[in-house]
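On a predicted model such as this, the values are computed, not experimentally measured, just so you know. These values consider heavy atoms only, across backbone and side chains, with no hydrogens, waters or symmetry-generated copies.
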Amino acid sequence: MAISDNLKGALLMMASMAAFTINDMFMKMMTGQVPVVQLIFLRGALTTTAVSLLAWRMGAFRGRIAPRDRVFVALRTGAEICATYFFLTALSHMPLANITAILQALPLVLALAAALFLGEGFGWKRLVAIVIGFIGVMLIVRPGAEGFTIYSIYGLIAVCFVTVRDLSTRRLSRETPSMLVTWVTTVAITLVYGVVSTGVDWAPISGREALLLTLTSGSIFCGYLFSIMVMRVGEISFTAPFRYTGLLWALALGWFAFGEWPAPLTLLGAGIVAASGVFTIYREARTGRRTPLQYGPRIR
């Protein structure tokens with residue numbers, strides 16, 4: 001039986017979210033034994049090799065970054081460098097599902113930021129969805145509650161930096177290859193954290209850590225690859241909501257690998273955020289706005 005393009009896109013999106021979440025799981029397994037900046041550099045070194053081969057295979061190096069896009073690529077790269085640190089630091093101290101749920105607020109924050117800084121208007125329906133979504137985020141973070149820590153703030157800071165990244169992505173012209181932008185960002189992250197890691201005491205890499213580093217690099221590469229494939233089949237409005245399956249993967253993997261299960265209020269908040277995000281993505285598609293999803297893979 002033939003599979004429709006939309007179904008292929010949905011399956012690829014789910015596979016991409018699974019790969020990125022598996023990468024997060026492996027990274028979390030290593031935090032505590034190895035400094036975060038050392039992990040980012042070592043993972044980046046392995047991932048850069050794989051991404052370089054993929055970019056070469058796709059002919060990305062034959063393209064160029066348009067002159068008007070260079071400032072936005074630089075801003076995007078800087079935001080990604082910062083987001084990586086805050087996300088992985090929060091991940092090392094928070095349950096996998098909790099930090100993943102916080103990141104699900106991204107479409108809501110992005111829609112609000114696009115209206116404030118890019119002049120993209122939105123109606124009352126999306127405004128209500130954004131407000132409801134932020135209530136969901138508060139249920140996840142619960143400021144003032146016993147489980148609230150500085151790392152909950154780190155998760156929110158990561159969302160802010162990813163929002164800057166995606167606003168910059170919205171400003172890129174279509175002539176700049178998305179894979180070339182991905183390669184530039186990957187190389188920049190590796191170089192920056194290579195320099196930063198010289199200021200910390202490196203931990204020895206055991207056979208276990210070497211295996212996990214290989215697996216996390218393979219996982220994030222698969223996430224890139226599946227993300228690119230998603231852009232080639234199906235409709236964005238149909239496939240984009242399936243990014244929220246990443247939360248289901250985080251719940252399953254967090255329970256399986258770390259024995260974590262979120263509190264009922266956290267699950268309720270995650271459900272509210274996911275529902276609001278799906279509605280926001282749907283409204284984006286209805287209005288015909290171009291989203292960062294159309295630029296291919298996202299770096300974690």
Side-chain angles (χ1 to χ4, degrees), residues 12-54 80-104 106 151 154-155 158-159 162 182 185-187 189-190 192-194 196-197 200 202-229 243-262 270 297-300:
L12 287 168
M13 179 65 81
M14 288 188 284
S16 173
M17 293 301 102
F20 283 130
T21 309
I22 289 170
N23 159 74
D24 295 341
M25 178 187 71
F26 289 141
M27 290 293 285
K28 185 174 176 64
M29 285 179 174
M30 289 183 285
T31 55
Q33 286 77 42
V34 183
V36 169
V37 293
Q38 180 184 346
L39 285 176
I40 298 172
F41 168 67
L42 293 175
R43 183 189 69 173
L46 292 173
T47 306
T48 296
T49 303
V51 171
S52 297
L53 291 173
L54 180 61
E80 187 67 61
I81 289 169
C82 297
T84 298
Y85 172 78
F86 283 104
F87 171 75
L88 291 178
T89 302
L91 175 67
S92 66
H93 293 88
M94 293 178 65
L96 178 59
N98 288 38
I99 184 62
T100 302
I102 291 174
L103 284 186
Q104 303 312 307
L106 178 61
Y151 301 108
Y154 275 34
V159 171
V162 175
T182 298
T185 309
T186 306
V187 171
I189 288 175
T190 304
V192 167
Y193 283 101
V196 173
S197 67
V200 302
W202 274 46
I205 300 298
S206 65
R208 173 183 178 272
E209 274 81 42
L211 175 61
L212 289 175
L213 276 169
T214 302
L215 291 173
T216 193
S217 298
S219 298
I220 202 168
F221 176 74
C222 289
Y224 292 158
L225 185 60
F226 293 143
S227 294
I228 292 168
M229 294 170 69
R243 65 184 295 131
Y244 285 96
T245 57
L247 184 55
L248 300 179
W249 284 110
L251 286 168
L253 293 174
W255 174 80
F256 174 77
F258 309 107
E260 303 168 344
W261 191 256
R298 312 171 80 87
I299 295 174
R300 296 292 293 275

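- Separation of atoms CG (Leu253) and CZ (Phe26) is listed at 8.5 Å; rounding is to 0.5 Å.
- Side chain of Ser92 to main chain of Thr89: a donor-acceptor pair is present (N/O by atom type, distance under 3.5 Å, no hydrogens or angles).
- Distance alone, capped at 3.5 Å, places no donor-acceptor pair between the Trp249 side chain and the Met17 backbone.
- Distance check: Met25 CE to Thr21 OG1 gives 9.5 Å after rounding to the nearest 0.5 Å.
- Ala45 and Thr190 get closest at one heavy-atom pair: N-CG2, 3.7 Å.
- To the nearest 0.5 angstrom, Thr216 atom OG1 is 9.5 Å from Leu46 atom CG.
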Report the C-alpha separation of Tyr85 and Val196 in whole Å, then their side-chain angles, then the decisive distance to 0.1 Å, and conclude whether the side-chain contact (heavy atoms from CB on, under 4.5 Å) test is met.
CA-CA 11 Å; Tyr85 172 78; Val196 173; over 6 Å; no

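- Between Met94 atom CE and Ile102 atom CD1 the span is 4.0 Å, to the nearest 0.5 Å.
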Would you please test Leu88 and Thr31 for side-chain contact (heavy atoms from CB on, under 4.5 Å) and show each step?
CA-CA 9 Å; Leu88 291 178; Thr31 55; 5.9 Å; no

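- Surrounding CZ of Phe258 are more than 12 heavy atoms belonging to other residues, nucleotides or ligands, all under 6.0 Å away.
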What do the steps show when you test Arg243 against Met14 for side-chain contact (heavy atoms from CB on, under 4.5 Å), and what is the final call?
CA-CA 6 Å; Arg243 65 184 295 131; Met14 288 188 284; over 6 Å; no

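- Put simply, the side chain of Trp261 reaches to within 4.5 Å of the side chain of Leu251, judged on heavy atoms.
- The shortest distance between side-chain heavy atoms of Gln38 and Val34 falls below 4.5 Å.
- Across every non-hydrogen atom of Lys28 and Leu91, the tightest pair is NZ-O, 2.8 Å.
- More than 12 non-hydrogen atoms from other residues, nucleotides or ligands lie less than 6.0 angstrom from CZ of Phe221.
- Thr245 has its side chain out of reach of Met13: every pair of non-hydrogen atoms, C-beta onward, lies at least 4.5 Å apart.
- Annotation for Gly246 and Thr100: closest pair O-CG2, 3.9 Å, computed over non-hydrogen atoms.
- In plain terms, the two heavy atoms of Gly223 and Ser16 that are nearest each other are O-OG, 3.3 Å.
- Note that CD of Gln33 is 6.0 Å distant from CD of Glu209, once rounded to the nearest 0.5 Å.
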Determine whether Asp24 and Phe87 satisfy the following criterion, side-chain contact (heavy atoms from CB on, under 4.5 Å), listing intermediate values before the conclusion.
CA-CA 10 Å; Asp24 295 341; Phe87 171 75; 3.6 Å; yes

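- Each of Ile40, Val36, Val162 was evaluated against Thr84; a single residue qualifies, Ile40, per the side chain to side chain contact (heavy atoms under 4.5 Å, CB included) test.
- A ring-centre distance under 6.0 Å is found for Tyr151 and Tyr154.
- Counted by atom type alone, Thr186 and Thr48 present zero donor-acceptor pairs between their side chains at under 3.5 Å.
- When all heavy atoms of Leu96 and Ala250 are compared, the pair lying nearest together is CD2-O, 3.9 Å.
- Residues Phe86 and Val159 have side chains not in contact (no heavy-atom distance under 4.5 Å, counting atoms from C-beta outward).
- With hydrogens and angles disregarded, a donor-acceptor distance shorter than 3.5 Å links the side chain of Ser197 to the backbone of Gly194.
- Judged purely by atom type and a 3.5 angstrom limit, Glu260 has no side-chain atom pairing as donor or acceptor with the backbone of Ala97.
- Minimum heavy-atom separation, Ile205 to Ala210: CG2-N, 3.6 Å.
- To the nearest 0.5 Å, atom CZ of residue Phe20 and atom SG of residue Cys222 are 10.0 Å apart.
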